[in-house]
Amino acid sequence: MASKIFVRPISIAFNAFRNYSSSSKLVDVSINDKTGIATVTMQRPPVNSLNYELLIELNGAFQDLGSKKIKGAILTSSLKTIFSAGLDILEMYKPKPERANAFWTSLQDTWITIFNTPYPTVAAINGHSPAGGCLLSLACEYRVMVNNYTIGLNETKLGIVAPFWFVASMKNTISNRESELALTSGRLYKTDEAFKVGLVDETAENKEDALAKAEKFFSRFDAVNPIARFLTKQELRGKIVKVGRKTFIYKIFRKFQICMMTRI
Ligand SMILES: CC/C=C\CCC/C=C/C(=O)SCCNC(=O)CCNC(=O)[C@H](O)C(C)(C)COP(=O)(O)OP(=O)(O)OC[C@H]1O[C@@H](n2cnc3c(N)ncnc32)[C@H](O)[C@@H]1OP(=O)(O)O
């Protein structure tokens, strides 16, 4: 059974660019044929915690969208009050080595895929978004967040050291100073606080409002050459991805295990 986790659980084969809709178990993907905007919806109750299977489906969804002529993709959640609770704690508790390896690799791969998409991306954050949930949104180019939820990289509060790419994603979005203050204290921001420091770009009244604002973001690129846009994005984000790829995940994982064990 161990080998099962190395096989991509979803296979989405589509021959049309538009009129596309796919719902695997954990991620729903739909493309609006009028607007050309894709919506990728995480649907893993109760809290969209990121386990191996959800990460693999997310990665597959964003990769597959790369071969479609879409205007942009929105990442959101089907849950009422949670965007994502971050990494699934159960993946980190006494993991089998093969599973742990596959899990950390899938997390890094998913981050790289979303961080690097050729098309524009927006996170419509319709609920709490701590730790790995925040990371997912930081991988997108733009964040719209519904009022009265929390977001941030709270790893230090959990006795975990946030890996390089978590830190780099934060620093790619807010200032170095604010990142240092936020990460060392494990700060979770309320929506309005996140907006003030630029962690989110817009606030919204509810999910519909967030989706509408996300859609509007894509119109900024109506008169922009998509290849020039992508190459510019790569110019800005490429170095972070390069260093991120070199991260030795086992070393980080051991660090995490030691931290967790000392807390027990
Ligand atoms: C090797 C190490 C290297 C790098 C480290 C990587 C960095 C780590 C990143 C992470 O993402 S670690 C995970 C951090 N996540 C959190 O701190 C969030 C914890 N959860 C919450 O704060 C809340 O649950 C909430 C998301 C705000 C939702 O609150 P709510 O009151 O709506 O629900 P409740 O708390 O009752 O939870 C419902 C249900 O879900 C389970 N749960 C919650 N979070 C997780 C999770 N991250 N993984 C797995 N399961 C989670 C919770 O236990 C409840 O389960 P139950 O109903 O069975 O009791």
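For ligands, and for the atoms within them, numbers begin at 1 and follow the listed sequence.
Ligand 1 has no N or O atom lying under 3.5 Å from any N or O atom of Val47, backbone or side chain. Ligand 1 has a nitrogen or oxygen under 3.5 angstrom from a nitrogen or oxygen of Ala85. Polar contact with ligand 1: absent for Met92 (N/O pair, distance under 3.5 Å).
At a cut-off of 3.5 Å, with distance as the only test, a side-chain donor of Asp88 or Ser49 sits close to an acceptor on the other residue. At a cut-off of 3.5 Å, with distance as the only test, no side-chain donor of Lys157 or Ser185 sits close to an acceptor on the other residue. Using a 3.5 Å distance cut-off with no hydrogens or angles, the side chains of Asn48 and Ser77 do pair a donor with an acceptor. Looking only at atom types and distance, the side chain of Glu178 has a donor-acceptor partner in the side chain of Tyr189 under 3.5 Å away.
Taking a cut-off of under 4.0 Å to the non-hydrogen atoms of Pro163, the atoms of ligand 1 that pass are 4 (C). Heavy-atom proximity to Ser49, at under 4.0 Å, picks out these atoms of ligand 1: 46 (C), 48 (N), 49 (C). Those atoms of ligand 1 that come under 4.0 Å of a heavy atom in Pro46, given as number and element, are 39 (C), 40 (O). Listed by number with element, the atoms of ligand 1 under 4.0 Å from a non-hydrogen atom of Ala131 are 9 (C), 10 (C), 11 (O), 14 (C). Residue contact check: Gly86 has heavy atoms under 4.0 Å from atoms 11 (O) of ligand 1. The distance from ligand 1 to the heavy atoms of Glu155 drops below 4.0 Å at these ligand atoms: 7 (C), 8 (C), 9 (C). Taking every non-hydrogen atom of Ile82 and a distance limit under 4.0 Å, the qualifying atoms of ligand 1 come out as 26 (C), 28 (C), 32 (O). In the vicinity of Asn154, heavy-atom distances shorter than 4.0 Å reach the ligand 1 atoms 17 (O).
One finds a salt bridge joining Glu141 and Lys233 here, because a Lys/Arg side-chain nitrogen approaches an Asp/Glu carboxylate oxygen to under 4.0 Å.
Put simply, CG on Asn206 and NZ on Lys80 are 13.0 Å apart, with the number rounded to the nearest 0.5 Å. The distance from atom CG of Asn176 to atom CG of Leu183, rounded to the nearest 0.5 Å, is 10.0 Å. Atom CD1 of Ile74 is separated from atom CZ of Phe218 by 5.0 Å, given to the nearest 0.5 angstrom.
Contacts of Leu90 with ligand 1, taken as heavy-atom pairs under 4.0 Å, are absent altogether.
Under the 4.0 angstrom criterion for non-hydrogen atoms, Pro130 is in contact with ligand 1.
Residues Phe62 and Leu58 meet the side-chain proximity criterion, which asks for heavy atoms closer than 4.5 Å.
The option with the heavy atom closest to atom 47 (N) of ligand 1, from among Leu153, Leu87, Asp88, is Leu87.
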